[in-house]
Amino acid sequence: MKNKYIDIQLTQETLVLSECVNFVSSDSAGGIVNFVGTVRNLTKGKTVLRLDFEAYEPMAVSEMQKIAEKALEKFDIQKIAIHHRIGVLSINEVPVIISVSSSHRNAAFEACQFAIDTLKETVPIWKKEHFEDGEIWVSANP
Amino acid sequence: MKNKYIDIQLTQETLVLSECVNFVSSDSAGGIVNFVGTVRNLTKGKTVLRLDFEAYEPMAVSEMQKIAEKALEKFDIQKIAIHHRIGVLSINEVPVIISVSSSHRNAAFEACQFAIDTLKETVPIWKKEHFEDGEIWVSANP
Amino acid sequence: MKIRVLCFGITKELLGGFEQSFELAKGSKVIDLKQLLLVKNQTFEKLASLRIAINEEYCEDETEIYENDEVVLIPPVSGG
Amino acid sequence: MKIRVLCFGITKELLGGFEQSFELAKGSKVIDLKQLLLVKNQTFEKLASLRIAINEEYCEDETEIYENDEVVLIPPVSGG
């Protein structure tokens with residue numbers, strides 16, 4: 001989903017930070033804040049070999065779209081890009097990138113943090129961690 | 001100035017976001033927050049043609065280093081890169097990039113915002129805006 | 001009525017497959033589906049949370065389910 | 001004593017050049033230098049701020065200046 005102010009992508013491809021930055025940058029922006037998620041190599045001391053990300057795709061896209069619209073409504077920002085990857089990822093690969101531009105930087109910081117916090121609560125995407133001795137759906141059990 | 005946790009650069013060359021991100025990223029980081037400054041095309045409604053950035057170079061580097069050290073002390077972050085450009089910049093070019101990695105994202109957001117806020121107060125770098133009808137040292141007069 | 005339920009994440013494993021078909025009384029609500037799930041597999045009780053989406057929107061326990069709805073089980077999400 | 005003063009940003013224009021040499025009494029402090037600057041050009045009063053760095057560190061008004069110090073005028077910074 002893409003309009004002049006919002007770029008949402010849910011993809012199997014490697015995410016590209018410069019694509020997000022280029023989308024949000026503009027002559028009248030004073031700053032861009034980016035959040036780049038990375039895949040940690042340890043969970044509770046156990047080595048993570050790789051991860052699977054699974055999504056309920058149409059709803060994941062529409063929930064990301066809602067987050068972007070809410071961010072534009074709530075904060076004085078110019079543009080926002082939210083790209084999320086699905087499929088198999090290795091350690092240090094990037095599952096998510098969020099970029100936000102604004103004329104005054106505080107709004108971009110706030111909106112970027114709001115977007116990643118909300119994404120982690122509402123977007124139907126699930127991460128399965130694979131260890132040497134098994135696998136686990138992250139956060140499923142209390 | 002560069003050690004395992006801090007990368008400070010003051011340069012005439014184009015800043016490269018992926019360099020900052022690569023420096024701070026690590027297998028144990030859960031997220032990276034980047035601030036990318038951009039040159040706005042308008043100041044109080046007047047078109048900015050280009051900007052000059054001038055620095056008191058040795059002190060600018062040591063003040064950036066202090067900010068990085070303070071950020072590592074104050075927030076639970078892993079690595080920080082602060083790159084600042086000097087010389088002549090056109091609209092939409094990037095004068096500053098700050099990247100911060102951490103295992104938990106809130107620390108990276110806070111540290112990145114702290115770093116850019118402090119940089120704008122303490123680092124001896126001056127920006128001159130050039131308009132069609134003149135030029136001005138930014139912030140010099142109240 | 002028969003309703004079709006899609007299962008993501010851990011719920012797919014708890015029910016043994018992505019797509020399920022359940023028999024519910026006409027007029028059933030989300031809360032009734034949740035109770036049926038517990039009958040199918042008690043481990044549902046141990047999930048940190050379970051939300052239900054109908055036609056791509058999160059629903060309340062009191063939302064009524066209709067025959068052709070796309071009903072989806074949303075265990076705790078972990079994107080990002 | 002003679003002290004060498006480096007001028008950045010707008011201060012270079014207020015004093016007509018990057019490198020200045022001023023005569024100050026031995027034992028002079030940063031505040032004395034600031035007063036001398038006002039004599040040289042009243043516009044210094046109109047700056048939003050003026051900090052002095054000695055040997056690459058910000059100084060207080062009461063810091064004493066020595067003959068071989070690198071003294072630098074820091075008008076309001078605008079990096080970033």
Side-chain angles (χ1 to χ4, degrees), chain B residues 1 8-11 15 35-40 43 48 51-67 82-87 89 94-98 112-129 134-142, chain D residues 3-22 30-31 33-80:
Chain B
M1 283 198 191
I8 303 296
Q9 289 185 33
L10 186 68
T11 172
L15 303 185
F35 177 76
V36 178
T38 50
V39 166
R40 242 175 299 175
T43 292
V48 179
L51 291 103
D52 287 342
F53 283 87
E54 168 180 299
Y56 173 30
E57 298 193 24
M59 185 172 165
V61 169
S62 73
E63 289 292 325
M64 289 196 283
Q65 177 76 20
K66 280 184 200 166
I67 292 170
I82 307 179
H83 291 191
H84 204 296
R85 192 166 159 192
I86 47 178
L89 274 78
V94 171
V96 65
I97 299 177
I98 298 177
C112 189
Q113 196 157 11
F114 163 81
I116 182 64
D117 288 352
T118 310
L119 183 150
K120 283 174 180 274
E121 281 170 14
T122 66
V123 178
I125 297 179
W126 297 271
K127 177 164 65 176
K128 189 183 224 176
E129 290 179 336
E135 51 196 44
I136 193 176
W137 286 104
V138 176
S139 311
N141 299 98
Chain D
I3 59 152
R4 184 175 159 255
V5 174
L6 304 181
C7 307
F8 284 90
I10 198 171
T11 65
K12 188 172 43 191
E13 291 163 15
L14 296 182
L15 292 171
F18 174 61
E19 201 172 332
Q20 304 288 326
S21 175
F22 293 140
V30 163
I31 187 80
L33 171 61
K34 285 186 174 174
Q35 271 152 8
L36 179 62
L37 292 171
L38 271 175
V39 174
K40 300 267 175 196
N41 188 335
Q42 283 197 335
T43 313
F44 270 102
E45 209 164 37
K46 293 191 182 146
L47 293 183
S49 73
L50 181 68
R51 284 177 286 184
I52 308 287
I54 296 180
N55 305 326
E56 303 175 14
E57 295 285 344
Y58 286 113
C59 292
E60 305 298 317
D61 280 354
E62 294 310 309
T63 306
E64 192 174 336
I65 304 177
Y66 297 92
E67 196 154 7
N68 291 312
D69 282 343
E70 178 167 280
V71 179
V72 174
L73 307 190
I74 315 266
V77 300
S78 47

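Protein chains get the first letters and strands the later ones, always in sequence-line order, with residue 1 at the start of each.
- Interatomic distance, CD1 of D:Ile10 versus OG of B:Ser139, reported as 10.5 Å (0.5 Å rounding).
- Of the atoms belonging to B:Pro124, heavy atoms from both backbone and side chain fall under 4.5 Å from chain D.
- Interface remark: B:Val138 contributes backbone and side-chain atoms alike to the contact with chain D (heavy atom separation under 4.5 Å).
- The backbone N or O of B:Trp126 lies less than 3.5 Å from no partner atom in the side chain of D:Ser78, so there is not a single donor-acceptor pair.
- Heavy atoms closer than 4.5 Å to chain D are found in the side chain of B:Glu63, but not in its backbone.
- At a 4.5 Å heavy-atom cutoff, B:Ala60 makes no contact with chain D through either its backbone or its side chain.
- Nearest approach of D:Gly80 to B:Lys127, heavy atoms of both residues: O-NZ, 4.3 Å.
- Contacts between D:Glu57 and chain B at a heavy-atom distance below 4.5 Å involve backbone atoms as well as side-chain atoms.
- Looking only at distances, no side-chain donor or acceptor of B:His84 sits under 3.5 Å from a matching main-chain atom of D:Gly79.
- In D:Glu45, the CD atom is not crowded: 12 or fewer heavy atoms of neighbouring residues, nucleotides or ligands sit closer than 6.0 Å.
- Side-chain atoms of B:Trp137 and D:Lys12, non-hydrogen and from C-beta on, do get closer than 4.5 Å to each other.
- Ring orientation note: the planes of D:Phe8 and B:Tyr56 are tilted relative to one another, at an angle of 30° to 60°.
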(request) Using the side chain to side chain contact (heavy atoms under 4.5 Å, CB included) rule, take D:Glu13 and B:Lys128 through it: C-alpha gap first, then chi angles, then the decisive distance, then the call. (result) CA-CA 12 Å; D:Glu13 291 163 15; B:Lys128 189 183 224 176; 2.9 Å; yes
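- Smallest separation of non-hydrogen atoms from D:Pro76 and B:Ala140: CG-O, 3.6 Å.
- If you measure heavy-atom distances from B:Lys120 to chain D, the contacts under 4.5 Å come from both the backbone and the side chain.
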